[in-house]
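Structure first, commentary second.
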2 protein chains.
Amino acid sequence: MLNNSQYIDKLRSSGLRPTKQRIKICEVLFNTHKTFHFTINELVKRISKLTNDKISLATVYNTVHAFKNKGYLKEIPINSDQSYFDTNTSHHHHFYDETQKDLIDIDDADVEPVKINTRIPGKKIKSVEVLVKVEDDKS
Amino acid sequence: MLNNSQYIDKLRSSGLRPTKQRIKICEVLFNTHKTFHFTINELVKRISKLTNDKISLATVYNTVHAFKNKGYLKEIPINSDQSYFDTNTSHHHHFYDETQKDLIDIDDADVEPVKINTRIPGKKIKSVEVLVKVEDDKS
DNA sequence: TTCTACATTATAATAGTTCTAAACTGTTGA
DNA sequence: TCAACAGTTTAGAACTATTATAATGTAGAA
């Protein structure tokens, strides 16, 4: 437990109590410059690999949802049997490899801005997400 | 049971036996010029409203998946507690109204073609889907 | 220190979807 | 026409991700 004051501040400033579970989850999710995708299941495994005190499944769900609501995580819209989350909250899109069931970032610079020339009255756009499904090329 | 030969042909030509359940589901899904979105749940309700012989839930799932695999239906990528399908298999995109949990088509003409300037070696693009999430505009 | 509201926890509950295995039916070919 | 077989349907059980419950624990304020 060295440099967790950043997480404590972050949590406190968004109205979340800095509990040791939340700090640990912050470490697992944000203690790297690389962003990544994960499912709850994968996160639970990652946590138990990196810590001795186990965190209950319910807490992991609660925390991930709290972080998502605060904008620290994004949920990626995919039809899958489980939800995918992304620690990269900047604007970008995804490939989904249906063969390997693998998610890959598409750098925002590699996608021309998506222009929507229609609106729904009384609604404002919250996000525009592009999902590019790919499969093995057997040609 | 009048003009079902079209469905029988369609099914047979794609290697699906034209059972009476499948024909009935074709009627429910394709007997209109309007395309629409549905969940399995909604489809089951729609079927039971339009027919007397009930079709088992398992068959509805099987049939929807078979139709999806044959390209007669598209699954719409959304994070939801249930899967959404679309009888409109042409290239188009969607608004998802998070307030009302409602899906709305975006005419393909209203979206500038999405240009992806990167590829994954050995993979070919299967689909490019844009999901525009909207919410009530309280400004 | 004490109090209180917020968090965590194990477990139960829920709900969508898939599996199972027995019964049924379209299709083929004799 | 009819037997045989592979594909299909079915009810219900099983499975799995997620959410709810309610008791216990804990951070932060007074």
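Throughout, protein chains are lettered first and strands after them, A, B, ... in sequence-line order, and every chain is numbered starting at 1.
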Find the distance [X]:[atom1] to [N]:[atom2] and express it as a whole number of Å.
{"X": "B:Leu11", "N": "D:dT9", "atom1": "CG", "atom2": "C1'", "answer": "15 Å"}
{"X": "A:Phe67", "N": "C:dA7", "atom1": "CZ", "atom2": "C1'", "answer": "13 Å"}
{"X": "B:Asn62", "N": "C:dA21", "atom1": "CG", "atom2": "P", "answer": "16 Å"}
{"X": "A:Ile25", "N": "C:dA7", "atom1": "CD1", "atom2": "P", "answer": "13 Å"}
{"X": "A:Ile23", "N": "C:dC6", "atom1": "CD1", "atom2": "P", "answer": "19 Å"}

Who are the side-chain contact (heavy atoms from CB on, under 4.5 Å) partners of [X], not counting sequence neighbours?
{"X": "B:Lys123", "answer": "A:Asp97, A:Thr99, A:Gln100, A:Val134, A:Asp136, B:Ile120"}
{"X": "B:Thr59", "answer": "B:Gln21, B:Ile55, B:Ser56, B:Thr63"}
{"X": "B:Ser13", "answer": "none"}

Counting only side-chain N and O atoms of [X], is one of them less than 4.0 Å from OP1 or OP2 of [N]?
{"X": "B:Gln21", "N": "D:dT10", "result": "yes"}
{"X": "A:Ser56", "N": "C:dT8", "result": "no"}
{"X": "B:Lys54", "N": "D:dA11", "result": "yes"}
{"X": "B:Arg22", "N": "C:dG26", "result": "no"}

Checklist line | Any pair counted as side chain to side chain donor-acceptor pair (under 3.5 Å), so long as it reaches residues 42-51 of chain A, sequence neighbours left out | finding: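 Every pair satisfying side chain to side chain donor-acceptor pair (under 3.5 Å) with a residue in residues 42-51 of chain A: A:Thr51-A:Asp53.
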
Next item on the list: State which residues pass salt bridge (charged side-chain N to carboxylate O under 4.0 Å, His left out) with B:Glu75; sequence neighbours excluded, sorted by chain then number.
Entry: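 With neighbours one apart ignored, the set is B:Lys68.
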
Margin query: Counting primed atoms plus P, OP1 and OP2 as sugar-phosphate and everything else as base, spell out the protein contacts along nucleotides 15-30 of chain D at 4.0 Å heavy-atom distance: B, S or - for each nucleotide, 5' to 3'.
Written below: --SBBB------BS--

Note to self: Between B:Asp86 and B:His92, is there a side-chain donor-acceptor contact under 3.5 Å, judged purely by atom types and distance?
What the structure shows: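 Yes.
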
